[in-house]
Amino acid sequence: MLLALILLQGFSHALAANHGSHWTYKGPHGQAHWSNDYPDCGGQAQSPIDIQTKSVQHDPALPPIEPQGYRSPGNGAFTLLNNGHTVEMSLPPSMFLRGLPQTYAAVQLHFHWGSRGQTGGSEHQVNGEAFPAELHIVHYNSESYANISEAKQRADSLAVLGILIEVGDVANPAYDNIFDRLKNIQYAGQKVSIPPFNVHELLPGQLGHYFRYNGSLTTPPCSQNVLWTVFHQRVRISASQLERLQGGLYSTKAANSLPVPLVDNYRAPQPLNQRVVFSSFPVGPSAYSAGEIVAIVFGTLFGCLSIFLTIHFVVKRIRTKRIREQKDVVFKSSSSRAVSGDSHRP
Ligand SMILES: *[C@@H]1O[C@H](CO)[C@@H](O)[C@H](O)[C@H]1NC(C)=O
Ligand SMILES: *[C@@H]1O[C@H](CO)[C@@H](O)[C@H](O)[C@H]1NC(C)=O
């Protein structure tokens with residue numbers, strides 16, 4: 001029995017090795033080395049990217065994204081899995097997207113996040129700014145391909161919605177449908193069922209404003225067949241919701257005596273190279289990043305303060321000079337009076 005188990009384990013390890021080698025975000029198997037085992041990761045059209053709004057091209061023909069079947073995704077439970085790299089929730093093909101060049105059916109959604117006390121966690125950045133987390137909803141081209149496994153290897157086969165997540169004051173109840181179950185899948189390989197819920201509520205309100213570009217999967221094998229839609233509007237969750245994502249999961253199996261926290265599972269921005277990022281909305285010439293705004297505000301304040309101080313000191317100087325001159329006059333006149341008084345002395 002034990003022997004059979006050991007053999008079985010060895011067999012599944014061999015299978016796992018065949019299906020692709022081990023990868024992580026940091027260390028000897030980290031993102032800098034992905035292309036050794038997965039050549040596409042070194043390609044010219046990789047994701048994520050830093051979206052520079054100054055260089056984005058407005059395409060007024062890009063229509064709003066229309067998610068179909070998102071609000072009531074059937075009666076079948078979703079499966080939430082800790083796969084050692086992220087938490088991933090399976091989605092039924094009854095959920096699909098309109099508003100893209102073809103119809104894309106939903107496959108799964110998953111998250112990328114950082115670690116407690118650190119900024120960053122999202123994969124996409126906007127003008128060099130990273131966000132605390134990012135949600136990816138993965139779809140395959142169901143018009144051209146029978147299923148995701150057939151689509152995976154081919155061109156034009158995937159469409160991913162990228163939702164940037166930031167921290168606000170109040171909890172986002174839609175996200176608790178997922179976050180409430182994380183305690184049941186702390187370790188890699190663990191799964192839990194979730195009753196179907198309104199997935200549309202995970203999306204930002206404004207589905208008409210987004211960035212669009214051709215890119216890749218952000219994890220090995222980094223296949224360059226993803227049509228990306230990154231929404232301009234961010235979604236907000238509370239700080240404690242973010243902490244549940246950052247604090248409760250491990251990338252190792254339950255049996256492992258050295259548990260490794262599942263944190264910082266985001267890839268660094270990749271070179272844009274020859275690609276163009278389109279926007280469905282006019283981004284406007286005054287699209288400054290938070291850093292630039294801070295710089296401008298402080299620069300202006302500092303400028304105003306220096307001008308104020310300069311004027312203040314100049315005025316003060318002129319005044320003192322005048323007072324001194326007046327005193328001089330008073331002194332001179334009084335001394336001249338004194339002198340003249342003297343002269344009146346007998
Ligand atoms: C996917 O579709 C192909 C082609 O129709 C088929 O051969 C394959 O069995 C399907 N795979 C799954 C997992 O359904
Ligand atoms: C993506 O690539 C395809 C094929 O090269 C091209 O037709 C399409 O315009 C590109 N889309 C974007 C958003 O760059």
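Bear in mind that the values here come from a model prediction, so they are computed numbers and not experimental data. In each ligand, atom 1 is the first atom listed, and ligand 1 is the first ligand listed.
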Determine whether the side chains of E134 and H124 contain a donor N or O and an acceptor N or O closer than 3.5 Å.
-> yes

Relative to the heavy atoms of S149, which atoms of ligand 1 are at a distance of less than 4.0 Å?
-> 11 (N), 12 (C), 13 (C)

Atom CZ of R236 with >12 non-hydrogen neighbours under 6.0 angstrom = no

Same cluster for F197 and V107 if Ile/Leu/Val/Met/Phe/Trp/Tyr side chains link at under 4.5 Å?
-> no

Given side chains that start at C-beta, do those of Q46 and C222 come closer than 4.5 Å, heavy atoms only?
-> yes

Between ligand 2 and the protein, give all atom pairs where both partners are nitrogen or oxygen and the distance is under 3.5 Å, as lines of names plus distance to 0.1 Å.
unit_1, atom_1, unit_2, atom_2, d
ligand 2, 2 (O), N214, ND2, 2.2
ligand 2, 11 (N), N214, ND2, 3.0
ligand 2, 14 (O), N214, ND2, 3.3

For ligand 1, which atoms, with element, lie under 4.0 Å from some heavy atom of A146?
-> 2 (O), 5 (O)

With sequence neighbours excluded, what pairs up with R154 under the salt bridge (charged side-chain N to carboxylate O under 4.0 Å, His left out) test?
-> E150

Considering residues, nucleotides and ligands other than N273, do more than 12 of their heavy atoms fall under 6.0 Å from its CG?
-> yes

Can you find a heavy atom in the side chain of P48 that is under 4.5 Å from one in the side chain of Q125?
-> no

Which ligand 1 atoms, with their elements, are less than 4.0 angstrom from a heavy-atom of N147?
-> 1 (C), 2 (O), 3 (C), 8 (C), 10 (C), 11 (N), 12 (C), 14 (O)

